[in-house]
Amino acid sequence: MRRDVAIVSWASFETPSEPARNEVEMLLPVIQEALGNVGMTQQDIGFTVSGSSDYLQGFPFAFVGALDAVGAWPPIRESHVEMDGAFALYEAVNVLQEEGIDTALVYAFARPSRGELDRTLALQLDPYAVAPLWPDARGLAGLQAQAMKDSGRYPQLLGAGHEVPPTVVADGAVAVVLAVGDRARELTKTPAWIRGIDHRIEPPALGVRDLTTSASTTAAAAKAGATGVDAAWLHVPYPHQELVLRAALSLVDQPVYSAAGPVMVGGLAQLAAAAAGVAGGKARRAVAHATSGPCLQQNLVAVLEGGDAA
Amino acid sequence: MTAVPEVLVAEHAIEYTYTRSTGPIIGAFLTGLRDKQIKGIRAIDGRVIVPPVEYDPVTSDDLHELVDVGDAGVVTTWSWNATPVAGQPLDRPFAWALVRLDGADTGMLAAVDAGDEAQMHTGMRVRARWADGRVGSIRDLLCFELEGDLA
């Protein structure tokens, strides 16, 4: 990277079901906390980007409404990805490579408790050969778990008690503040520097992929330089996927912190958790991972380090 | 005068008000289903991919060579769906499976009407059950059933 980028602040909120507050009302205190932690307001942010899924709210361009949580005036430089917020962070890191933009706010939100998440996620699949069958997300994850059992490489999954649990349904929001170089050092004594970041995608058709490995994670890890890490924060929507990710990232005996988190939020939340781990001295050099799509279709890998930028 | 207030009711259909062509590859696949013929496509590495894709999953090259495959094949992985939800192929418990059809090299996602989870195992043979009144949709292929099962 031409310009060093660090995570300088973060905040998150998660609950099994948020009955009263809408997405904007969930986001407002989270964004205020993340900005307030480093004495910033939205006016200090050079680029704002979010990750969410309009299918959860059920209408097109629903994400635009969430901008009320950052304020629509004066005009801001802004973007959105229809993915987990971690992939929005990737966009922010790239935008921060441009001179003149030194800070970024990345946020993600979801309130899947209002619908049937297992059905809603089917809308993201191939519209001709797959989505019309309305496959539930848990059922697709089960195809991966069975393929892993059949492979003989995952004896941990054999025997009773390893059924694929229900899809995690949780509501929540997360916000992360990024800054470059000296601006990051001004804002915090403990920036979590992003030493490398990359994301890769595999074919959408499940039958074309080897579901027992994660080629995209391995490729992203190679591009991000994810070696020599002393801890890992993994985004794991279903427990069996941790085994695939451990293998893809060549993790041996490092501590591994896995979480699913709310859909669209969980990946960015794991990047924030890794930043907290690095800033708090829990790890010196950490790998953070986020996924999107069925059976680990898309994977992002970032390497975070504490200490000053080289 | 009745005291019951008049309630206004309006229909609101969420719809996609555009039409688009499914193109020469997906279109051929869907048209084939109408005629009980499943088609795949030959990838750059020689594999036959079913359902067919427009671009090679490895090289991203355009693909053109459609290949007819059988309507029976082998389950390469599966998961039991004990509680079907609205819109799924069957309204009773069934298995999701990737089915590698005879002549194909990849599995396609489908429902298997196995009746009981104990019937399911990787490597089992299944055969397509077709809908009546087919229209050129993936739903023309209702589901798969155990090969030899005359139910």
Side-chain angles (χ1 to χ4, degrees), chain A residues 54-55 58-60 115-123 125-152 154 157 162-167 201-212 215-216 219 238 240 294-295 297, chain B residues 14 16 20 22-23 25-27 29-30 33 40 43 47 49-58 60 75-90 94-101 104-111 117 120-123 136-143:
Chain A
D54 283 357
Y55 287 121
F59 59 98
E116 289 180 70
L117 182 58
D118 261 326
R119 284 190 89 231
T120 306
L121 290 174
L123 293 165
L125 305 172
D126 175 330
Y128 300 112
V130 182
L133 306 178
W134 290 94
D136 47 289
R138 182 196 189 190
L140 297 182
L143 297 176
Q144 181 177 39
Q146 184 64 41
M148 289 169 66
K149 291 177 187 174
D150 293 337
S151 75
Y154 297 97
L157 293 178
H162 294 289
E163 293 77 19
V164 176
T167 301
I201 184 168
E202 292 178 52
L206 292 178
V208 172
R209 296 166 48 194
D210 176 359
L211 298 177
T212 69
S216 54
Y238 300 93
H240 64 270
C295 300
Q297 187 199 355
Chain B
I14 296 175
Y16 189 64
R20 61 157 297 195
T22 50
I25 307 299
I26 308 300
F29 172 68
L30 296 175
L33 293 177
R47 288 186 302 166
I49 296 175
V50 181
V53 292
E54 294 170 312
Y55 304 100
D56 189 89
V58 179
S60 303
V75 168
T76 61
T77 186
W78 58 278
S79 65
W80 189 249
N81 183 13
T83 53
V85 298
Q88 293 184 339
L90 298 165
F94 66 91
W96 290 114
L98 295 179
V99 178
R100 189 178 64 232
L101 295 165
D105 294 292
T106 66
M108 72 178 288
L109 181 72
E117 183 173 3
M120 293 300 304
H121 59 93
T122 300
S137 151
I138 190 70
R139 300 292 293 241
D140 289 349
L141 202 178
L142 276 181
C143 62

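Numbered from 1 within each chain, the chains take letters A, B, ... in sequence-line order.
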- Item | Toward chain A, the part of Thr76(B) with a non-hydrogen atom under 4.5 Å | backbone

- Task: Name the member of Pro84(B), Pro57(B), Ala86(B) that forms the most heavy-atom pairs with chain A at distances under 4.5 Å.
- Result: Ala86(B)

- Message: Nearest 0.5 angstrom please: Thr22(B) OG1 to Tyr128(A) OH, how far?
- Response: 6.5 Å

- Message: I'd like to know which of Pro204(A), Gly207(A), Ala145(A) tops the heavy-atom pair count under 4.5 Å against chain B.
- Response: Gly207(A)

- Query: Within the distance-only criterion (no hydrogens, no angle test), does the side chain of Thr106(B) pair as donor or acceptor with the backbone N or O of Val208(A) below 3.5 angstrom?
  - Reply: no

- Task: Check whether Arg100(B) gets within reach of chain A through its side chain, its backbone, both or neither, counting any heavy atom under 4.5 Å.
- Result: neither

- Could you tell me which portion of Glu202(A) (side chain, backbone, both or neither) has an atom closer than 4.5 angstrom to a non-hydrogen atom of chain B? neither

- Message: Using 0.5 Å steps for rounding, measure from the CE atom of Met108(B) to the CG atom of Leu133(A).
- Response: 7.5 Å

- Item | Residue pair Trp134(A) / Trp96(B): nearest heavy atoms and the distance that separates them | O-CZ2, 4.0 Å

- Message: So if I apply the side chain to side chain contact (heavy atoms under 4.5 Å, CB included) rule between Thr77(B) and each of Gln146(A), Met148(A), Lys149(A), which one comes out positive?
- Response: Gln146(A)

- Message: Can you tell me which of Ala141(A), Gly139(A), Ala205(A) forms the most heavy-atom pairs within a distance under 4.5 Å of chain B?
- Response: Gly139(A)

- Task: Against chain B, work out which of Pro127(A), Ala147(A), Ala129(A), Pro203(A) has the most heavy-atom pairs shorter than 4.5 Å and name it.
- Result: Ala129(A)

- In Å and rounded to the nearest 0.5 Å, what is the OG1 to CZ distance from Thr83(B) to Arg138(A)? 7.0 Å

- Query: Looking at CG of Asp126(A) and CG of Leu109(B), how far apart are the two atoms once the value is rounded to the nearest 0.5 Å?
  - Reply: 10.0 Å

- Message: To the closest 0.5 Å, what do you measure between CG (Asp136(A)) and CG (Asn81(B))?
- Response: 4.5 Å

